[in-house]
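Reviewing the structure listed below.
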Amino acid sequence: MLGPFLETLIGGLLTGVLYSLVALGFVLIFKASGVFNFAQGAMVLFAALTLARLADQIDDKEVHLVHFVVAAGVLGGTLALIGWYALREYVARGGGEGERRKMLLMAAGGALIGGVVAFAYGKGAWPLWIALAATASIMGLLAYAIERLVLRHLVNQEGIILFMATLGIAYFLDGFGQTLWGSDIYKINLGLPNEPIFLFEGVFEGGLLVDPGDLFAALIAAILVTVLAIFFQRTRIGRALRAVADDHAAAQSVGIPLDRIWLIVWTVSGLVALAAGVIWGAKLGVQFSISLIALKALPVLILGGFTSVPGAIVGGLIIGAGEKLSEVFLAPILIRAFDLAGGGIENWFAYVLALIFLLFRPQGLFGERIIERV
Amino acid sequence: MFYREAGQFKTNYVADQQIFPVLQDRLFVLAAIVAAFVAVPLFATPYLYTEILIPFLILSLAAIGLNILVGYCGQVSLGTGGFMAVGAYAAYNLWLRVPEANNLIVVFLFGGLMAAAVGILFGIPSLRIKGFYLAVATLAAQFFLDWLFARVKWLTNYTPSGSVAVGNTSVFGWKIDTPDERYLFILAFVVVATLVAKNLVRGHIGRSWMAIRDMDIAAEIIGFRPLRTKLTAFAVSSFFIGIAGAMWAFLRLGAWEPLAFDINRSFQILFMVIIGGLGSLLGSFLGAAFIVLTPILLNQLPGWLGVKMSTALLSHLEFMVFGAMIVFFLIVEPHGLARLWAVAKEKLRLWPFPH
């Protein structure tokens, strides 16, 4: 009995690590801008798709002219819009050294993304590390576009309006990614060993089965969390981010540039999305359902608290383990008791758990208690 | 020139408090209703009924329901699909198990009432949490209800596939079968429901919802009880949504499975409310029209232009258009299509002399 239990528990905990990775992206944006970013799941899908299509063999037969034209059109349109905004600002401010540098950077980014797309639609496979770098810069560009085109116009709006805007971004990004890169199932090959590892073979009967991909995910998550914790606690930018989260207006008045902070935050969470996308894609293949794991990350947030990085980790572990344990041990009982047609309670278990938790401790495990005054 | 209220005097309270105080509005609404009941059946084809008019009307009703909750009371919900499913399956079970109740009006009202009960249950957390915490909490309703109707065999009458079907539906002996009968029945239902909703939001209950939405603590101080106000909003909203769900299942689909009410349905209806206009009944109709017509238009457009597109690409484009429209409306016109209509009326008031 102990063997299967521990195996389920470990499997659940390792899945939970992946939930934590997605939840981490949510927490970062919420912590630094107070925006509840529903598009995180779409960003994971977009990052994974981009990487898979860049790194994987791209079959010439799959590429229709329509795809190319639409991709080029949308991409060119977005770039032109960004460029136009930048130019307008440049003219309005009468130019300047920093501005010029920004425009140069942008031109370089545009050239890069154009080259990437052109090369991707050419032929041949890319080495993984080049594809990773290219995807990372595309995520940066995406963050820039979101800041420019959406967030900038919604400063000082209520949180719920921003939330709904990210819902729109999520829809757009889902469609955009699949238009650009196709909607089949793609593989990401990280070159990890496929055979499961047996642990404690002497202790239990049959030992414990562990997937090396999951261990790799846990490792990545641990590194990311450490780096992010240091980034938030110890660096100048991290301090600025925390200031912005506390109060936009106050942060601005002491000279913290809001737009730059938002850009940094969205880029970082784009990179976190990339990490999550790589791991999920390597495990299950890149497909549309990846964007749905964002929905799994929401109860994690409620459990852990919206503003807490450790909360995302602990919440993810609890949800992951609870989900698998409930599916294995609780579902059969429910099926027998209520004459159900199969289990599947992991679809809602996390949510109901979070809902009940919410009633008793609305701020989550590690969240700050916010006292609203009239 | 035509839209001018100068000279229309109200000399008693009844005249002052009517729903459409301006004569032109009254005539317009009357004309629209007459056209919907009389003119449309004269020329409508079965395609127009089943693919455009019936979905439009039913989804409008659902959007009105959600608009009451989100637009009027300020409680964001992503569980609309789940509440629609409650309406559909409650109506199905009444229809199945009580043969004497084979009257669509009774069946639909029962579906609405059950949805209202479930809505109240899932509305209870709104007392402790708000904003996106609540949005996440309503997702719990969505996922739990989805699962419930997929797994509990009794609710689907032990069908092996999990999908259920209805047939032989009637109202007081009048069989509702053909597309035009369905259309007329739904239209009558929606007109009555809209009238009810309009009067609710105009009256004391609607005022209390709006007070809670605008500033909950201040509303509490001046005497609105948050508990009762929020729960009535959840109940009324779920009631409408449940009726819409039952209609969708009975009169649009005929045979359905839980997938018909999954989370995408919730998003679809939330988008209608945002695009149409938060806190506007007219907006619910406009938003529903937009969401129903856009995919059809997107499907037709490449054909007209002579471009061949795969269905997958079209569905991706649909995603992109919806996403972009959401962002666009939130930035440029947060009050949605309904606000554009109001602006047009303002302009008409001065037309043809704009100054």
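Keep in mind that the numbers below use all heavy atoms, side chains included, and drop hydrogens, waters and symmetry copies. Every chain is numbered from 1, with letters handed out A, B, ... down the list of sequences.
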So, [X] versus [Y]: side-chain donor-acceptor pair below 3.5 Å or not?
X: Tyr19(A); Y: Glu323(A); answer: yes
X: Ser161(B); Y: Thr159(B); answer: no
X: Trp209(B); Y: Thr229(B); answer: no

Would you say Met114(B) has more than 12 foreign heavy atoms packed within less than 6.0 Å of its CE?
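Counting neighbours around CE of Met114(B), 12 or fewer heavy atoms of other residues, nucleotides or ligands fall under 6.0 Å, so no.
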With a 4.5 angstrom heavy-atom cut-off, is it the side chain or the backbone of [X] that approaches chain B, or both, or neither?
X: Ala354(A); value: neither
X: Phe357(A); value: neither
X: Phe349(A); value: neither

Parallel, tilted or perpendicular, judged at 30° and 60°: which one describes the rings of Phe122(B) and Phe144(B)?
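Because their plane-to-plane angle lies in the 30° to 60° range, the rings of Phe122(B) and Phe144(B) count as tilted.
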Measure the acute angle between the ring planes of Phe36(A) and Phe163(A), then classify it against the limits of 30° and 60° as parallel, tilted or perpendicular.
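Rings of Phe36(A) and Phe163(A): tilted, 30 to 60°.
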Out of Ile302(A), Leu167(A), Asp174(A), return the one with the most heavy atom pairs under 4.5 angstrom to chain B.
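Option with the top pair count is Leu167(A).
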Is there a side-chain contact between Ser238(B) and Val118(B), using heavy atoms and a 4.5 Å cut-off?
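With C-beta onward as the side chain, the pair stays apart.
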Toward chain A, the part of [X] with a non-hydrogen atom under 4.5 Å:
X: Ala141(B); value: neither
X: Leu278(B); value: side chain
X: Ile263(B); value: side chain

Return the option, out of [options], with the maximum number of heavy-atom pairs under 4.5 Å with chain A.
options: Phe328(B), Phe322(B), Phe319(B); answer: Phe319(B)
options: Leu139(B), Asp146(B), Val76(B), Val152(B); answer: Leu139(B)
options: Ile331(B), Ile326(B), Val332(B), Thr156(B); answer: Ile331(B)

